[in-house]
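So the structure is just underneath, and the comments pick up after that.
Below, read A as the first sequence line, B as the second, and so on, with proteins coming before strands; counting in each chain starts at 1.
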Amino acid sequence: MIDPQLLRKTPQVVAERLATRGLKLDLQLLASIEADRKQWQTQTESLQAERNRVSKSIGKAKANGESVDDLLASVAGLGDQLDQANQQLQQVQQRWDEFTLALPNLPDASVPPGSDETDNQLVREWGSPRELDFEPLDHVDLGAGLTGLDFETAAGIAGSRFVVMTGQVARLHRALAQFMLDLHTLDHEYEEIYTPYLVNAKSLQGTGQLPKFEEDLFAVSDDYYLIPTAEVPVTNWAAGQILAADQLPKRFVAHTPCFRREAGSYGKDTRGMIRQHQFDKVELVWLSHPNDSWDALERLTDHAEQVLQKLDLPYRVVNLCGGDLGFSAAKTYDLEVWLPSQKTYREISSCSNFLDFQARRMQARWRDPETGKPALLHTINGSGVAVGRALVAVLENYQQADGSVTIPAALQPYMGGVESIDRVSA
RNA sequence: GGAGAGGUGGCUGAGUGGUCGAAAGCACUGGUCUUGAAAACCAGCGACGGGCAACCGUCCCAGGGUUCGAAUCCCUGCCUCUCCGCCA
């Protein structure tokens with residue numbers, strides 16, 4: 001949520017910054033809601049003040065054994081007036097909430113202008129695509145040859161955009177997750193956390209998926225939603241909390257499945273496991289001191305990059321432009337890994353600083369020793385990295401001419417020393 | 001699933017329908033004392049919103065209700081704990 005003070009006092013500044021996203025703030029609507037709010041709040045509060053005054057004197061009069069008939073008469077119609085004013089106020093507040101909850105975060109000044117991914121800014125590249133002296137297969141054909149990836153069976157069990165993994169491929173998938181968890185907990189000093197995979201609407205509102213993006217989520221009965229990312233349960237760990245200063249920064253790593261409807265992406269990446277309804281992800285989350293969040297974003301991004309570097313997978317880092325920026329983010333670096341079959345870089349991690357945007361929605365605070373007062377903390381998160389896409393990247397980048405796949409050295413300890421997965425001759 | 005108890009400030013924990021935003025303790029902050037620290041003593045100390053300000057309002061799990069007035073009474077929901085049963 002954008003700071004309400006900023007919205008009220010400098011709406012045109014907010015409008016300018018939101019324009020970076022290609023979003024037009026309805027200043028007129030904002031002004032009219034705010035005018036109504038002021039009127040009804042003032043009226044409600046003065047009626048409440050009067051009621052409180054009279055009620056207190058009734059109490060005193062009764063204590064003194066005096067008659068209270070006159071006092072009672074003087075508040076006769078007050079209750080109804082108050083009810084009406086209060087109803088109006090609640091309506092206005094609801095309009096305000098709906099309006100502000102639907103506003104995305106303000107992009108940071110370092111976010112490049114632009115409308116879509118073609119305007120994203122290249123930050124750096126690491127490694128260079130391997131020169132293959134044969135025509136690379138994509139992971140679907142590779143996986144089929146290894147008899148480890150089976151989309152047809154998955155379609156029969158569940159539907160499209162699911163996969164069944166078996167044998168050494170399933171093990172490789174698990175090895176990737178284990179490797180990432182160990183890297184982040186042991187080398188990068190994250191605390192491992194296990195959370196619910198079903199969450200309530202409040203948590204989703206806290207991180208910003210609701211109320212605007214319900215169609216992206218799988219809702220199950222009883223008001224639960226499947227998590228679209230571990231960001232939701234992990235960040236909400238701090239919801240409603242007031243953390244002590246020495247608890248910051250709090251850094252969590254979680255390995256969870258993620259579930260997404262992928263509504264609106266019909267026809268996109270229909271082949272293979274790039275875009276699935278269910279996928280695993282290792283997620284990094286920081287809860288930080290407000291002064292440290294920009295540094296935290298750089299460090300978290302580096303931690304995600306370390307995964308790709310240790311796997312020796314070529315990638316690049318891009319700074320998302322305003323139009324490509326997610327709803328809650330103030331700034332996002334995407335890590336894009338090289339896929340030989342597509343001869344292009346594909347997103348494998350997204351690292352964002354949300355500043356106090358999520359913290360305000362979920363009331364995640366810390367106590368500032370300078371002031372002794374609670375203050376909003378900052379949240380930062382990123383994938384470290386998407387496990388399914390990492391599997392795709394390993395399969396494709398480590399494929400051999402005979403259809404086998406060598407195992408990256410970093411993963412071999414997690415594969416029982418296996419150095420290669422071989423094609424099963426048909 | 002059955003039976004019971006309870007949800008109050010950063011924490012523990014009192015609270016009679018009427019100066020209760022709420023006792024007390026802990027924690028925290030400032031001061032006295034001390035070479036310094038601790039202890040002791042004194043003082044201060046909830047959050048959120050509105051207003052230039054004086055000040056006003058809201059909040060004792062959440063939502064309704066009764067009342068001139070609700071932390072306190074009534075209803076509903078959520079959550080926690082204890083016991084029994086069942087269970088990966």
Under 3.5 Å on both distances, the Watson-Crick or G-U partner of [N]:
N	result
B/rG18	B/rC68
B/rA5	B/rU80
B/rC86	none
B/rG46	B/rC59
B/rA23	none
B/rA40	B/rU32

If the [atom1] atom of [N] is compared with that of [M], how far apart are they to the nearest Å?
N	M	atom1	result
B/rG7	B/rC56	P	31 Å
B/rA14	B/rC86	C1'	40 Å
B/rU82	B/rC28	P	31 Å
B/rU16	B/rA23	P	15 Å
B/rU29	B/rG46	P	16 Å
B/rU72	B/rG6	C1'	16 Å
B/rG64	B/rA53	P	31 Å
B/rG1	B/rG13	C1'	34 Å

Would you please indicate if the ring centroids of [X] and [Y] are separated by under 6.0 Å?
X	Y	answer
A/F327	A/F213	yes
A/F279	A/F162	no
A/H277	A/F218	yes

Side-chain N or O of [X] closer than 4.0 Å to phosphate OP1/OP2 of [N]:
X	N	result
A/N52	B/rG69	no
A/R8	B/rG50	yes
A/Q41	B/rG51	no
A/K60	B/rG18	no

Just call it for [X]: base, sugar-phosphate, or nothing, with non-hydrogen atoms closer than 4.0 Å on any strand.
X	answer
A/P369	nothing
A/Q39	nothing
A/R53	nothing
A/V54	nothing

For [X] and [N], what is the distance between atoms [atom1] and [atom2] respectively, to the nearest whole Å?
X	N	atom1	atom2	value
A/W366	B/rC28	CH2	P	17 Å
A/N86	B/rG63	CG	P	12 Å
A/D83	B/rC68	CG	C1'	13 Å
A/L47	B/rU58	CG	P	11 Å
A/E45	B/rC48	CD	C1'	12 Å
A/I242	B/rA47	CD1	P	8 Å
A/R360	B/rC48	CZ	C1'	13 Å
A/L243	B/rA47	CG	P	16 Å

For residues A/W286 and A/L300, determine if any side-chain heavy atom of one lies less than 4.5 Å from a side-chain heavy atom of the other. yes
Kindly assign one of parallel, tilted or perpendicular to the pair A/H303 and A/H188, based on the angle between their ring planes and the thresholds 30° and 60°. parallel
Just wondering, are more than 12 heavy atoms of other shown residues or ligands nearer than 6.0 Å to CG in A/D223? no
For A/Q12, is the CD atom crowded, meaning more than 12 foreign heavy atoms sit under 6.0 Å from it? yes
Which nucleotide in the set [options] lies at the smallest distance from any side-chain heavy atom of [X]?
X	options	value
A/R365	B/rA47, B/rU58, B/rG69	B/rA47
A/K373	B/rG10, B/rA47, B/rG50	B/rA47
A/R51	B/rG18, B/rC56, B/rG69	B/rG69

Check: B/rG18 base within 3.5 Å donor-acceptor of A/K56 side chain: no
Do A/E419 side-chain atoms and A/I407 backbone N/O form a donor-acceptor pair below 3.5 Å? no
Given RNA chain B, 5'-ward residue of the pair A/R367 and A/I58, judged by closest heavy atom: A/R367
With nearest nucleotide decided by heavy atoms, which residue, A/K62 or A/K38, maps closer to the 5′ end of RNA chain B? A/K62
